[in-house]
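A quick write-up on the structure given underneath.
Just follow the structure's listing: the first ligand is 1, and inside any ligand the first atom is 1. Note that the numbering runs from 1 along the sequence shown for the chain.
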Amino acid sequence: MGTNDKILVTGAGGFIGGALVSVFRSKGYRDIRAVDVKPFGEWYQRFDDVENLSLDLNLKENCERVAKGAVEIYNLAANMGGMGFIEHNKALCMLSVLINTHMLQAALANGTKRFFYSSSACVYNGDKQKTFEAPSLKEEDAYPAMAEDGYGWEKLFSERMCRHFREDFGLTTRVARFHNVYGPWGTWFGGREKAPAAICRKVIEAKVSGKHQIEIWGSGVQTRSFMFIDDCTDGIQKITSSEILEPLNLGSSEAVTINQLVDMAEEIAGIKLKRNYDLTAPKGVNGRNSDNALIQKYLHWEPNTPLRVGLEKTYRWIYDQYMARERGEAGVVREAGATR
Ligand code: GDD
């Protein structure tokens, strides 16, 4: 794809979509169309030299409008969030199937050359994630299917729709299964935030307030791997331009317990907190890690930012956001990344 070709990024007002637009700009792409349902003031990052559109992609006519002329489409639009959100919004998460259906149809009608779909580790069979020992999930572990209720089933269905649009209609589709992505410009409060941002925020709250306590959801021995945003945007580009047909894990293979995540955040903050475990809070699966054998085989690469390094950058960014909010600076909270 040339730097003059039109790229469409959906979900561009969100964390990963906004980061992807930022990367394409810095690589010299000059015809980027960024679309999100959120009003402009709520986009995490927004750039004046990009065509920004605030449109609801649940509607087919909007998908047709935004796909027009797009050589590549990166479909990151979805209703999503951390466990606190997806556990309580299953129907809403499943409704994202409208976006994916309409975007695939619009891409096909437009003659789009490549279509990237962002799937999730939530497609994996829950039975394989019952142990706390950070089971490494291979791509084949999605079947027999028993995905995360609501959100995971929608992702699995939409993955398959991508496959069949490729097989039956000849649309070039590429799919990555993201494992818990974190970093600056990510959601850090409000209910959709995932564990890394939530833990950073809680540590900062404790530090600033002087109340040296933290509430952790679950027992703290759940395991996860967390992928830094720069690895995610690198991986999206590598997978989209590759000839890999099957959905591929895109995640870090550095598994930690949630307690270890809290240890790291405490160390960055230079503080030790009393831990209170809320066993009634949303927990998701007990253990999950990304098996990266397949991505290594195909791309000789895998996400490799150490969690300690990425978490420090994330902590510092959230700290700045938090302090700006404390000072009552208007527009710094969700619009922090707007127009820079
Ligand atoms: N969100 C959050 N907030 N999670 C916490 C907190 C907290 O304050 N304290 C502990 N946790 C625990 C959760 O209970 C869960 O066991 C673990 O940290 C990870 O939670 P999340 O980061 O919210 O979600 P996840 O890893 O279970 O799933 C996320 O990643 C998937 C991809 O790997 C979600 O964002 C999914 O939507 C996504 O598909």
Side-chain angles (χ1 to χ4, degrees), residues 11 14-16 76 78-90 92-94 96 118-124 126 129-130 132 134-137 141-142 147-156 158-159 176-183 186-206 213-229 231-232 247 249-265 273 275-291 303 307 311 314 318:
F15 170 40
I16 303 173
L76 294 144
N79 225 325
M80 71 87 62
M83 274 322 298
F85 180 78
I86 63 174
E87 195 159 307
H88 295 121
N89 293 279
K90 292 176 186 147
L92 213 52
C93 288
M94 292 205 87
S96 295
S118 52
S119 183
S120 165
C122 284
V123 300
Y124 285 114
Q129 303 170 79
K130 287 196 162 146
F132 289 93
S136 284
L137 297 161
D141 291 331
E148 180 94 34
D149 209 2
Y151 181 74
W153 278 104
E154 191 281 323
K155 288 289 182 194
L156 195 62
S158 290
E159 276 190 2
R177 293 177 180 157
F178 295 167
H179 288 246
N180 208 318
V181 189
Y182 72 99
T187 310
W188 60 279
F189 77 104
R192 291 187 191 240
E193 63 278 13
K194 289 174 268 168
I199 297 299
C200 286
R201 187 201 71 230
K202 289 177 179 182
V203 168
I204 292 164
E205 263 161 9
Q213 298 205 10
I214 185 166
E215 184 195 278
I216 298 168
W217 295 357
S219 61
V221 297
Q222 316 95 295
T223 44
R224 292 290 187 282
S225 73
F226 301 103
M227 170 168 56
F228 191 58
I229 183 66
D231 288 332
C232 182
N249 274 334
L250 184 56
S252 161
S253 56
E254 181 191 349
V256 293
T257 64
I258 298 303
N259 277 328
Q260 288 169 326
L261 179 70
V262 178
D263 290 343
M264 279 188 201
L273 304 173
R275 298 180 185 189
N276 304 316
Y277 295 96
D278 181 356
L279 302 180
T280 64
K283 288 184 289 291
V285 296
N286 289 338
R288 170 183 293 161
N289 193 11
S290 180
D291 183 307
L307 178 59
L311 198 68
T314 307
I318 294 175

Look at the aromatic rings of His179 and Tyr124 and report parallel, tilted or perpendicular, splitting at 30° and 60°.
tilted

Min heavy-atom dist Ala197 to ligand 1 below 4.0 Å
no

Ligand-residue contact atoms, ligand 1 with Ser120, heavy atoms, under 4.0 Å:
32 (C), 38 (C), 39 (O)

Determine whether a donor-acceptor pair (N or O, by modelled atom type, separation under 3.5 Å) exists between the side chain of Ser225 and the backbone of Asn289.
no

Could you tell me whether the side chain of Met83 reaches within less than 4.5 Å of the side chain of Val285, counting heavy atoms only?
no

So, regarding Lys194 and ligand 1 (criterion: nitrogen or oxygen to nitrogen or oxygen, under 3.5 Å), is there a contact or not?
no

Contacting atoms of ligand 1, where contact means under 4.0 angstrom from a heavy atom of Glu193
1 (N)

Looking only at heavy atoms of Arg288, does any of them come nearer than 4.0 Å to an atom of ligand 1?
yes

Can you check whether Ile258's main-chain N or O pairs, donor with acceptor, with Gln260's side chain at less than 3.5 Å?
no

Would you mind finding which of Pro282, Gly218, Ala195 brings a heavy atom closest to atom 13 (C) of ligand 1?
Pro282

What do you reckon, does Gln222 have a nitrogen or oxygen under 3.5 Å from a nitrogen or oxygen of ligand 1?
yes

Quick check: closest heavy atoms across Gly287 and Thr223, and the distance to 0.1 Å?
CA-OG1, 3.0 Å

Using a 4.0 Å cutoff against the non-hydrogen atoms of Met80, which atoms of ligand 1 qualify?
35 (O), 37 (O)

A student comparing Leu250, Ile214, Asn180 should find that the heavy atom closest to atom 29 (C) of ligand 1 comes from Asn180

Which of the atoms of ligand 1 are close to Cys122, meaning less than 4.0 Å from one of its heavy atoms?
31 (C), 36 (C), 38 (C), 39 (O)

Kindly say whether Val203 contributes a backbone atom to a donor-acceptor pair with the side chain of Glu205 at under 3.5 angstrom?
no

Should you measure from each heavy atom of Phe178, which atoms of ligand 1 turn up under 4.0 Å away?
32 (C), 33 (O)

N or O contact, Lys283 vs ligand 1, cut-off under 3.5 Å:
yes

Hey, is the main chain of Gly284 close enough, under 3.5 Å, to the side chain of Gln129 for a donor-acceptor pair?
no

Should Phe178 and Cys232 count as side-chain neighbours, where that means a heavy-atom distance under 4.5 Å?
yes

Using a 4.0 Å heavy-atom threshold (strictly under), name the region of Lys155 that reaches ligand 1: side chain, backbone, both or neither.
neither

Can you tell me which residue and heavy atom of the protein come closest to atom 17 (C) of ligand 1, and the distance to 0.1 Å?
Ile258 CD1, 3.7 Å

Any idea which protein heavy atom is nearest atom 27 (O) of ligand 1, and the distance to it?
Arg224 NH2, 2.9 Å

Considering only heavy atoms of His179, which atoms of ligand 1 have at least one such atom less than 4.0 Å away?
33 (O)

If hydrogens are left out, which of Trp217, Tyr124, Tyr182 has an atom nearest to atom 2 (C) of ligand 1, that is, the closest non-hydrogen atom?
Trp217

Any idea which heavy atoms bring Cys93 and Ile86 closest together, and the distance?
SG-CG2, 3.8 Å

Please determine whether any non-hydrogen atom of Lys202 lies less than 4.0 Å from an atom of ligand 1.
yes

Which of the atoms of ligand 1 are close to Ala198, meaning less than 4.0 Å from one of its heavy atoms?
3 (N), 7 (C), 8 (O)

Using a strict 4.0 Å cut-off to heavy atoms of Gly81, name the atoms of ligand 1 that fall inside it.
34 (C), 35 (O), 36 (C), 37 (O)

Ligand 1 to Met83 polar contact by distance, N or O atoms, under 3.5 Å
yes

Check this for me - ligand 1, Pro196, N or O atoms closer than 3.5 angstrom, yes or no?
no

Test your reading of the model: is there a side-chain donor-acceptor pair from Lys155 to the backbone of Ser118, 3.5 Å cut-off?
yes

If we count only N and O atoms by modelled type, under 3.5 Å, do the side chains of Ser96 and Glu154 hold a donor and an acceptor together?
no

Taking Glu159 first and then Arg177, would you say they form a salt bridge - that is, a charged N and a carboxylate O separated by under 4.0 Å?
yes

Contact (N/O only, under 3.5 Å) between Gly284 and ligand 1:
no

Tell me whether Asn249 contacts the main-chain N or O of Ser290 through its side chain, where contact means a donor paired with an acceptor under 3.5 Å.
no

Please report the shortest heavy-atom distance between Gly183 and Thr314, naming the atom on each side.
CA-OG1, 3.3 Å

